[in-house]
Amino acid sequence: MSKKILYLALFGALLVIGGGFYRLIITPAVAILLIGYYLIIGTAKHQDNQVDFEYSEVMDGIRVIGIQPETPAAKMDLDIGDVILTVNNIAVANEDEFYRALSTNSTYCRFKVRDRNDQLKITESAIFKNSPHEIGVKTYSQAMK
């Protein structure tokens, strides 16, 4: 979307320069720029409405939107779209709570997860010693940064 807005701004700059020479194009230029802007915004909103649920925010856990290969998370039967409810029996609702709960045990983690079909599952794995941040899970809150 930012590229489209940038192109529209550059086109608008050209129209302003042209308007200095030909005053008759100023009104149509403003109309073209406004229509272009609303088309870009409307397209972006339409695309946002088409996004799958796995990228939506949740209130009772954190959503998994990515899993790095060859990490503990890849071995834990997690899927994109799953919601991690507890880590090491501690409820998590954001990224800080997630890593705080992971750090309660530096070599092992246990997740309670709700999958895309609203089924609960428990999954567990050893993690890299003293590196809970390398579990390999990318969450919704990390994507927003």
Transitive ILVMFWY side-chain link [X] to [Y], under 4.5 Å:
{"X": "Phe21", "Y": "Leu14", "value": "no"}
{"X": "Tyr38", "Y": "Leu33", "value": "yes"}
{"X": "Ile26", "Y": "Val16", "value": "no"}
{"X": "Ile25", "Y": "Ile32", "value": "no"}
{"X": "Phe11", "Y": "Ile5", "value": "yes"}

Considering all heavy atoms of both residues, which atom of Ile67 and which atom of Ile80 are nearest to each other, and what is their separation?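 That would be CD1-N, 4.4 Å.
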Whether [X] side chain and [Y] backbone form a donor-acceptor pair below 3.5 Å:
{"X": "Asn117", "Y": "Gln119", "result": "no"}
{"X": "Arg63", "Y": "Val83", "result": "no"}
{"X": "Ser125", "Y": "Met76", "result": "no"}
{"X": "Asn105", "Y": "Cys109", "result": "no"}
{"X": "Lys121", "Y": "Asp77", "result": "yes"}
{"X": "Asn88", "Y": "Arg110", "result": "yes"}

Quick one: are [X] and [Y] in side-chain contact, heavy atoms under 4.5 Å?
{"X": "Leu78", "Y": "Val113", "value": "yes"}
{"X": "Ile35", "Y": "Leu39", "value": "yes"}
{"X": "Tyr22", "Y": "Leu24", "value": "no"}
{"X": "Gln68", "Y": "Thr71", "value": "yes"}
{"X": "Leu102", "Y": "Phe111", "value": "yes"}

Let me confirm one number: the [atom1]-[atom2] distance from [X] to [Y], rounded to the nearest 0.5 Å.
{"X": "Phe98", "Y": "Ile90", "atom1": "CZ", "atom2": "CD1", "answer": "12.0 Å"}
{"X": "Leu120", "Y": "Thr86", "atom1": "CG", "atom2": "OG1", "answer": "9.5 Å"}
{"X": "Ile40", "Y": "Leu8", "atom1": "CD1", "atom2": "CG", "answer": "4.5 Å"}
{"X": "Thr123", "Y": "Ile84", "atom1": "OG1", "atom2": "CD1", "answer": "9.5 Å"}

Do other residues, nucleotides or ligands put more than 12 heavy atoms under 6.0 Å from Tyr108 OH?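 Yes - once you tally the heavy atoms of other residues, nucleotides and ligands closer than 6.0 Å, there are more than 12.
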For atom CD1 of Ile122, decide whether the heavy atoms of other residues, nucleotides or ligands shown that lie under 6.0 angstrom number more than 12.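 Above 12, so yes.
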For Arg100, give me all partners under salt bridge (Lys or Arg N to Asp or Glu O under 4.0 Å), at least two apart in sequence or on another chain.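 Partners of Arg100 under the salt bridge (Lys or Arg N to Asp or Glu O under 4.0 Å) test: none.
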Test salt bridge (Lys or Arg N to Asp or Glu O under 4.0 Å) applied to Glu97 - qualifying residues, sequence neighbours left out: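 Testing Glu97 for salt bridge (Lys or Arg N to Asp or Glu O under 4.0 Å), a comparison that skips the adjacent residues, returns none.
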